[in-house]
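Structure record follows, encoded as structure tokens.
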Protein chains: 2
Amino acid sequence: MKTTGEILRESREKKGLLLRHVSALLDIDTAILSKIERGERKATREQINKLAEILEINKESLIVQYLSEKILYELKDEDLGIQALKVAEKTIKYGVTKNK
Amino acid sequence: MKTTGEILRESREKKGLLLRHVSALLDIDTAILSKIERGERKATREQINKLAEILEINKESLIVQYLSEKILYELKDEDLGIQALKVAEKTIKYGVTKNK
DNA sequence: TTTAATTTGACAATATTTGTCAAAAATAGA
DNA sequence: TCTATTTTTGACAAATATTGTCAAATTAAA
């Protein structure tokens, strides 16, 4: 499975766009976009939306990949990550929302 | 399934401890512990460790519940949460770690 | 009823994230 | 080659989010 960064870089290059072009549309420095594409930084949720539009990427698949990386980042030092994911999944499915 | 806050409050009361006692051991104000138990605030990872010890709660189950709430918090406004969880789960299982 | 415990909310301190900038490194044409 | 352009790097600044204190209000219980 491709990382978010890989998807973004490949899509940008396929369109013949430079970091300069895309980062201008996102209103950020090229340095950040460079880091996002190489997985050194995470994009913001808003940037993901914009990038899907600019690069004409399937929005859903991009978001799913992005979110899954965000989750994995939270769990990166945890031994019980898989169990936590399973509990989270069940909770979503059963539509339980006790907390504020 | 009980929330982290419910587990903490019930365990504390079962031991006959006051917020004052436990929050002193955690070195925080009672106000925060009160909020944590009612789900208004999240505990830190360190506080969870300490609380498991102080209240003699099964550490693994407390951590799993805590982490799953953290994940759900990230996904609370997302339509594609379940898909993201599934991708994350597969990624952990296959041991893929491309990003820094 | 009054003492102790808990809750509430404003806001302060701290930590994390997101960004800029300038210079270095890599890449591509002439 | 050489030299323009693009990309990458890393130090640091700005913005945002999290975690905390405090004092007063509310609730519970002696």
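Per chain, numbering begins at 1; letters A, B, ... match sequence-line order.
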Item checked: Toward the 5' end of DNA chain C, by each residue's nearest nucleotide, A:Thr44 or B:Leu19 -> B:Leu19
Notebook entry, point to check: In the strands shown, is C:dC11 matched to any nucleotide by a Watson-Crick or G-U wobble pair with both distances under 3.5 Å, and which?
Noted result: D:dG20
Note to self: Measuring from atom OG1 of B:Thr91 to atom NZ of B:Lys86, what distance do you get when rounded to the nearest 0.5 angstrom?
What the structure shows: 14.0 Å
Next item on the list: Would you indicate which nucleotide in D:dT9, C:dT6, D:dG20 comes nearest to any side-chain atom of A:Glu40?
Entry: D:dT9
Note to self: Within the 4.0 Å heavy-atom criterion, would you say A:Glu37 contacts the bases, only the backbone, or no part of the nucleic acid?
What the structure shows: nothing
Check: Looking at the side chain of A:Ser34, which of D:dT8, C:dT7, D:dT9 is the nearest nucleotide?
Finding: D:dT8
Item checked: Rounded distance in Å - CD1 (A:Ile28) to C1' (D:dT8) -> 14 Å
Item checked: Residues A:Gln65 and A:Thr4: side-chain donor-acceptor under 3.5 angstrom -> no
Check: Is A:Glu46 touching bases, backbone alone, or none of the nucleic acid, heavy atoms closer than 4.0 Å?
Finding: nothing
Notebook entry, point to check: When the distance from CD1 of B:Ile48 to C1' of D:dT18 is rounded to whole Å, what number comes out?
Noted result: 15 Å
Next item on the list: To the nearest Å, give me how far apart CG (B:Asp29) and C1' (C:dT6) are.
Entry: 11 Å
Notebook entry, point to check: Counting any heavy atom closer than 4.0 Å, what does B:Arg41 reach on the DNA or RNA strands: base, sugar-phosphate only, or nothing?
Noted result: base
Check: Are B:Glu89 and B:Lys93 ion-paired here, with the side-chain N under 4.0 Å from a carboxylate O?
Finding: yes
Note to self: So, OP1 or OP2 of D:dT5: does either fall under 4.0 Å of a side-chain N or O from A:Arg20?
What the structure shows: no
Next item on the list: Measure from CZ on B:Arg9 to C1' on C:dT6 and round the result to the nearest Å.
Entry: 8 Å
Next item on the list: Answer with base, sugar-phosphate or nothing: what part of the nucleic acid does A:Ile32 contact at a heavy-atom distance below 4.0 Å?
Entry: base
Item checked: Nearest-nucleotide 5' precedence on DNA chain D, B:Ala43 against B:Ala31 -> B:Ala43
Notebook entry, point to check: If you look at every strand shown and take non-hydrogen atoms under 4.0 Å, does B:Arg45 touch a base, only sugar-phosphate, or nothing?
Noted result: nothing
Margin query: Without decimals, in angstroms, what is the distance between A:Lys35 NZ and C:dT17 P?
Written below: 15 Å
